[in-house]
Structure formats: structure tokens, C-alpha cells
Participant: 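Quick one: the structure is below, and I'll ask about it shortly.
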Amino acid sequence: MKNKFYLLSSGLIISSLLAACGPSESSSDTSAEPENSDGATLVMWEDVDKMVGTEEAIKAFEEEHNVTVDIQEKPYGDNIEDLRLDGPGGTGPDVFAMPHDNLGTAVTEGLIQALNVDEEVTSMYTESAMMSQTIDGVVYGLPYAVETTILYYNRDLVDEENLPETLDEWYEFSKEATEGDDYGFLALWDQIYYAQSIMGGYGGYVFGMDNDGNYDTTDIGLNNDGAVEAAEYIQKFYAEGLFPSGIIGEQGINVLDSLFSEGRAAAVISGPWNLGPFEQAGIDYGVMALPKLGNGDQMSSFVGVKSYNVSSYSQYPELAQELVEWLTNEENQLTRYEKTMEVPAIEALANDPIVTESESAQAIAEQSQYAELMPGIPEMNEVWTPVDSALQTIATGSEEPKAALDGAVESVKSQIEANHSGN
């Protein structure tokens with residue numbers, strides 16, 4: 001199927017662009033004189049509140065290599081933007097965390113090093129996780145965690161013995177549960193990241209694939225019949241007052257999180273990043289894979305892969321790669337999981353008792369069977385804003401789904417033509 005990106009190559013033949021920008025085009029050349037890194041200091045940009053998952057591994061690495069690792073916590077989704085400025089200025093990282101959908105942009109701009117890793121290393125990771133880090137057969141990062149959206153439900157508000165199993169059942173549940181400022185089931189379907197769960201299940205897709213397994217950015221399936229049907233289904237949750245207007249727009253995610261954390265929403269679709277916050281809010285919650293659709297198919301979702309990558313501006317690229325391999329090995333990913341609850345990208349850990357005993361890890365693993373790898377090519381940057389805007393007009397009822405999606409797709413195609421015509 002066109003929309004099952006995770007079964008195919010990541011998009012991914014953009015090697016003609018790699019000579020464009022990088023300061024270290026020959027970074028993977030192992031014939032160069034070995035670097036002298038004794039006593040060196042590496043700067044590492046770690047994700048916010050995730051240092052606890054790596055500090056033990058970092059200490060061991062420092063002792064073994066006689067080096068110092070300066071860990072700085074930053075929102076990992078902003079790292080590529082920051083690297084554009086800090087890298088050339090000499091204040092950037094050697095190693096940094098990155099969401100996989102930034103990979104294509106990072107490579108085409110020459111911001112990250114290719115890694116010289118053999119099959120013994122790459123074979124440790126799940127197939128889709130490793131795909132997300134590979135472009136035209138070249139590895140640019142190693143994955144340390146995978147995530148996808150799941151359904152949270154409040155055990156005090158939902159009878160687990162009669163837990164809705166389909167989206168239609170959640171719709172009926174919401175009609176009974178919604179009263180005043182209290183709601184039943186909620187989701188951020190004015191954003192393509194979440195709306196793709198329904199669109200994908202009805203046959204919508206972002207980019208199709210060509211015969212070589214590469215993304216065909218001229219084939220956009222976000223306004224096909226299935227996508228329109230999904231948008232019409234989405235619209236009724238808003239039109240009937242089952243979703244509050246406050247969850248539409250930029251602040252919607254904060255409103256949704258608050259409603260669930262305050263016990264005023266019985267169930268929400270969210271990601272593993274909320275496992276800790278919802279628990280800290282005192283909510284007795286359960287988690288499960290996303291429900292089935294009315295057509296009998298399972299709701300889809302995007303799979304996101306978190307990776308560590310080496311900056312092209314690093315003065316110690318070999319040492320930095322060693323740190324990436326060390327942080328992403330089986331032992332250290334398991335430790336990270338125990339400290340942060342981020343699901344490991346190591347194939348063998350899928351059957352580890354520490355992981356399998358976790359309800360959240362099981363839900364993520366189950367949902368991942370139906371999920372799609374989020375496109376990691378630069379053209380994906382042109383999708384988010386116009387499609388989200390269209391979904392918001394659908395949510396508010398200011399435009400019909402077909403017209404809104406047609407306009408969004410036309411905008412995406414125009415932006416790709418304008419900004420990526422040389423690709």
C-alpha cells in the first residue's frame with residue numbers, strides 16, 4: 001500500500017544533494033590520520049528532562065576514554081535550527097538528539113556526519129528505526145527510541161469491563177459523557193500528525209512511492225476519497241460539540257493535556273511523552289492501542305524515531321561516533337527505558353521482561369504494527385502548515401472537507417515546486 005511507508009525505504013535517494021553544504025564532506029573517510037581526543041571535551045545536546053536516562057552511560061564513557069562530556073538539555077526538535085547558527089560559530093554540539101523527520105533536511109544542508117558503522121551494529125535495531133537513519137545506503141545516525149500515539153483513558157471515568165473498542169463506540173460514549181466542561185474522548189484532529197490516524201485508515205497518505213521505493217512527492221494522497229471521508233468523520237466531533245473549541249489551534253495540545261490531567265476528559269489520544277505528566281497529575285489511567293475505525297481497519301499513526309547524530313562541525317567526529325554507538329547499545333537503551341519510559345529501538349529488547357511487563361510499552365508496540373514511518377525528507381516541511389490550516393477550517397466548520405483539503409494539497413505542491421524543484 002502507498003501509505004505504509006515503514007515497509008519501504010525511507011525516501012531516500014537524495015545523494016545528489018549531499019555535496020551542497022557540509023563542512024566535512026569526507027567525514028566518513030577512515031583513511032585519515034586518527035584524531036587525538038585524549039582529554040577532549042564533547043558537547044552533547046540531550047532532550048529536555050532526559051539526561052537522567054544517559055548520565056550513567058556518560059560517566060562510564062568519560063572514564064573509559066579520558067574525556068569530558070558536557071551535556072546540555074534542549075528541546076530536541078529545535079536542534080537542527082540551532083545547529084545552523086551554533087555549528088559554524090563553534091558553540092554547537094558534537095552529538096545531539098534529533099527526530100528522524102529532520103534527517104533529510106540535516107543531510108541536504110550538510111549539518112550531520114555520515115557514520116561508519118558495520119552490520120553488527122545496525123542489525124541491533126528494528127528495521128523501521130534503522131530505515132529512518134539511512135539515506136541511499138548511508139547511515140547518518142543511530143536510533144535510541146521509538147514513539148507513536150496511543151489512547152489514554154481515565155479508569156475512574158471509563159468502565160474497563162466495557163471499554164470502547166472502536167472509534168464509533170468512543171463517539172457514542174462521548175455523546176453520553178459530554179456535559180458542560182466535561183468531555184468523553186478527545187483528539188487533536190486539527191493537526192495532520194494526529195489526523196493521519198484516521199486518514200491513513202481510510203486510505204489517505206502523505207506521499208506515494210515510486211517503483212524504486214522512494215517517496216514520490218508529486219503523488220500526495222491527502223485529498224483523495226479516503227482522506228475526504230476521514231475529514232468528514234472528524235468534522236462531526238467538532239460540529240456536535242464533542243470536542244471543545246479550545247483544543248483547536250496552537251494551544252490545543254495544552255488544553256487537551258489539561259482536560260485529561262484535571263479529570264475532565266475521559267480519554268485522549270496522545271504520545272508516550274505524557275506517561276509521566278499524567279501520572280504526576282494523579283490520574284489513574286490505562287493505555288491501549290488506537291481503536292478500530294468504522295470500516296473495520298485499525299487506526300493508523302505516525303511512528304517517530306529519536307536518534308543521536310554527529311555534527312559536521314565536530315572536531316572529534318570519531319570520538320563522537322563512539323559516543324553515539326555507546327549510548328544506543330542494548331544495555332544503555334534498556335537503562336534509558338527504565339529511567340525515561342522511552343521505548344527502545346533495539347530489536348531484542350522487544351521481548352525483554354522489563355519492557356514487556358509495561359502496559360505502555362505493549363500499547364506502543366501493538367500500535368506500531370499499524371503505524372507509518374513519518375517521511376523524513378525535506379519536502380515534508382511543506383506539508384505541516386497548509387494541511388494543519390485546512391484541518392482547522394474543517395474543525396471550525398468554516399470550509400467543507402473536500403475544498404479545504406484540495407486547497408491544502410495544491411499549496412503543498414506549489415511549495416515543493418518552489419523550494420525543492422532541484423531535488
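This chain uses plain numbering: 1 for the first residue, then up along the sequence. The model shown is predicted, which means the values in this text are computed figures rather than measured ones.
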Participant: Which class fits the ring pair Tyr193 and Phe302: parallel under 30°, tilted 30 to 60°, perpendicular over 60°?
Facilitator: tilted

Participant: Looking only at heavy atoms, what is the nearest atom pair of Ile248 and Ala395, with distance?
Facilitator: CD1-CB, 3.8 Å

Participant: Check whether the side chains of Tyr125 and Thr328 place a donor and an acceptor atom closer than 3.5 Å, and report yes or no.
Facilitator: yes

Participant: Let's go through Ile377 and Phe207 carefully: what are the C-alpha distance in whole Å and the side-chain angles of both, what is the deciding distance for side-chain contact (heavy atoms from CB on, under 4.5 Å) to 0.1 Å, and is it a yes or a no?
Facilitator: CA-CA 10 Å; Ile377 56 176; Phe207 298 123; 3.9 Å; yes

Participant: Would you call Lys175 and Glu172 a salt bridge, taking side-chain N to carboxylate O under 4.0 Å as the test?
Facilitator: yes

Participant: May I ask you to check whether over 12 heavy atoms, not counting those of Glu338, lie within 6.0 Å of atom CD?
Facilitator: yes

Participant: Give, for atom CE of Met124 and atom CG of Asn329, the distance between the pair rounded to the nearest 0.5 Å.
Facilitator: 6.5 Å

Participant: Could you grab the distance from atom CD of Glu410 to atom CG of Asp406, nearest 0.5 Å is fine?
Facilitator: 9.0 Å

Participant: For the pair Tyr285 and Phe278, name the ring-plane relationship: parallel under 30°, tilted 30 to 60°, perpendicular over 60°.
Facilitator: perpendicular

Participant: How about Val355 and Leu334: do any of their side-chain heavy atoms sit closer than 4.5 Å?
Facilitator: yes

Participant: I'd like to check Asn79 versus Met98 (side-chain heavy atoms, cut-off strictly below 4.5 Å). Are they in contact?
Facilitator: no

Participant: Under 4.5 Å between any side-chain heavy atoms of Leu151 and Trp170, yes or no?
Facilitator: yes

Participant: Go through the steps for Asn274 and Ser270 under the test side chain to side chain donor-acceptor pair (under 3.5 Å), then give the verdict.
Facilitator: CA-CA 7 Å; Asn274 265 329; Ser270 188; 2.8 Å; yes

Participant: For Lys413 and Glu382, run salt bridge (charged side-chain N to carboxylate O under 4.0 Å, His left out): C-alpha distance rounded to whole Å, both residues' side-chain angles, the deciding distance at 0.1 Å, then the answer.
Facilitator: CA-CA 8 Å; Lys413 289 181 176 179; Glu382 314 303 340; over 6 Å; no

Participant: For the atom pair CG (Asn351) and CD1 (Ile346), what is the distance rounded to the nearest 0.5 Å?
Facilitator: 13.0 Å

Participant: More than 12 non-hydrogen atoms from neighbouring residues, nucleotides or ligands closer than 6.0 Å to CD on Glu232, yes or no?
Facilitator: yes

Participant: Tyr153 versus Glu160: any side-chain heavy-atom pair under 4.5 Å?
Facilitator: yes

Participant: Between the side chains of Asp82 and Lys74, is the shortest nitrogen-to-carboxylate-oxygen separation below 4.0 Å, so that they form an ion pair?
Facilitator: yes

Participant: Where do Asp70 and Gln72 land on the side chain to side chain donor-acceptor pair (under 3.5 Å) test, with the steps shown first?
Facilitator: CA-CA 6 Å; Asp70 177 13; Gln72 302 172 11; 3.1 Å; yes

Participant: Using only atom types and a distance under 3.5 Å, with no angle test, would you say the side chain of Gln251 pairs donor to acceptor with the backbone of Gly246?
Facilitator: no

Participant: Verify whether one side chain among Gln367 and Ser301 offers a donor that lies under 3.5 Å from an acceptor in the other.
Facilitator: yes

Participant: Please check if the side chain of Ser314 supplies one atom and the backbone of Ser311 the other of a donor-acceptor pair under 3.5 Å.
Facilitator: no

Participant: Dump the intermediate steps for side-chain contact (heavy atoms from CB on, under 4.5 Å) on Tyr144 and Val305, then the final yes or no.
Facilitator: CA-CA 8 Å; Tyr144 66 82; Val305 179; over 6 Å; no

Participant: So how far is it from Glu347 CD to Glu330 CD, rounded to the nearest 0.5 Å?
Facilitator: 11.0 Å

Participant: Evaluate side-chain contact (heavy atoms from CB on, under 4.5 Å) for Met209 paired with Tyr215, printing each intermediate quantity in order.
Facilitator: CA-CA 5 Å; Met209 291 284 185; Tyr215 289 114; 3.3 Å; yes

Participant: Can you name the closest pair of heavy atoms from Val310 and Phe96 and give their distance?
Facilitator: C-CE2, 4.2 Å

Participant: Answer yes or no: is there an ion pair linking Lys306 with Glu342, defined by an N-O contact shorter than 4.0 Å?
Facilitator: yes

Participant: Would the distance check show the side chain of Asp101 and the main-chain N or O of Met374 forming a donor-acceptor pair, the cut-off being under 3.5 Å?
Facilitator: no

Participant: Do you know which two heavy atoms are closest between Ser360 and Val287, and how far apart they sit?
Facilitator: CA-CG2, 3.6 Å

Participant: We want to know whether Asn154 and Asp284 form a side-chain donor-acceptor pair, criterion being a heavy-atom distance below 3.5 angstrom.
Facilitator: no

Participant: Indicate whether the side chain of Asp219 and that of Tyr205 have a donor and an acceptor atom separated by less than 3.5 Å.
Facilitator: yes

Participant: Hey, is the main chain of Asn214 close enough, under 3.5 Å, to the side chain of Asp212 for a donor-acceptor pair?
Facilitator: no

Participant: Quick one: closest heavy-atom pair of Ala230 and Tyr202, and the distance?
Facilitator: CB-CD1, 3.9 Å

Participant: Can you find a pair of side-chain heavy atoms, one from Leu256 and one from Leu188, that are under 4.5 Å apart?
Facilitator: yes

Participant: Short question: side chain of Glu73, backbone of Asp49 - any donor-acceptor pair under 3.5 Å?
Facilitator: yes

Participant: So Val117 and Glu325, side-chain contact (heavy atoms from CB on, under 4.5 Å) or not? Walk me through it.
Facilitator: CA-CA 9 Å; Val117 290; Glu325 292 185 51; 3.7 Å; yes

Participant: Looking only at non-hydrogen atoms, find the nearest pair between Val387 and Ala408 and report the distance.
Facilitator: CA-CB, 4.0 Å

Participant: Nearest 0.5 Å, please: how far is OG in Ser389 from CH2 in Trp384?
Facilitator: 13.5 Å

Participant: Would you call Glu359-Arg155 a salt bridge at under 4.0 Å N-O?
Facilitator: yes

Participant: Does this structure show an ion pair linking Glu400 with Lys402, if we count only N-O contacts that are shorter than 4.0 Å?
Facilitator: no

Participant: For the CD atom of Glu322 and the CH2 atom of Trp326, what is their distance to the nearest 0.5 Å?
Facilitator: 11.0 Å

Participant: Tell me if the aromatic rings of Tyr171 and Phe185 count as close, with their centers under 6.0 Å from one another.
Facilitator: no

Participant: Step through it carefully: locate the ring centre of Tyr238, locate the ring centre of Trp189, and say whether they are under 6.0 Å apart.
Facilitator: no

Participant: Does Asp225, at its CG atom, have more than 12 non-hydrogen atoms belonging to other residues, nucleotides or ligands within less than 6.0 Å?
Facilitator: no

Participant: Is the closest side-chain heavy-atom distance between Met199 and Leu405 below 4.5 Å?
Facilitator: yes

Participant: Within the distance-only criterion (no hydrogens, no angle test), does the side chain of Gln298 pair as donor or acceptor with the backbone N or O of Leu290 below 3.5 angstrom?
Facilitator: yes

Participant: Would you mind reporting whether Gln321 and Asn116 have side-chain heavy atoms less than 4.5 Å apart?
Facilitator: yes

Participant: Counting only N and O atoms by type, is there a donor-acceptor contact under 3.5 Å from the side chain of Asn224 to the main-chain atoms of Ala227?
Facilitator: yes

Participant: For Asn332 and Thr54, does a side-chain donor sit closer than 3.5 Å to a side-chain acceptor?
Facilitator: no

Participant: Applying side chain to side chain donor-acceptor pair (under 3.5 Å), run through Ser307 and Asn309 and close with a yes or a no.
Facilitator: CA-CA 6 Å; Ser307 65; Asn309 304 78; 2.7 Å; yes

Participant: Is a donor on one side and an acceptor on the other found under 3.5 Å between the side chain of Thr335 and the backbone of Glu331?
Facilitator: yes

Participant: Please assess Gln362 against Glu366 for the test side chain to side chain donor-acceptor pair (under 3.5 Å), listing each intermediate value before the final yes or no.
Facilitator: CA-CA 6 Å; Gln362 289 180 348; Glu366 182 181 349; over 6 Å; no

Participant: Does the side chain of Asp118 come within less than 4.5 Å of Val121's, by heavy atoms?
Facilitator: yes

Participant: Compare every heavy atom of Val303 with every heavy atom of His100, then report the nearest pair and how far apart it is.
Facilitator: CE1-O, 3.2 Å

Participant: Does atom NZ of Lys236 have more than 12 heavy-atom neighbours, drawn from other residues, nucleotides or ligands, at distances under 6.0 Å?
Facilitator: yes

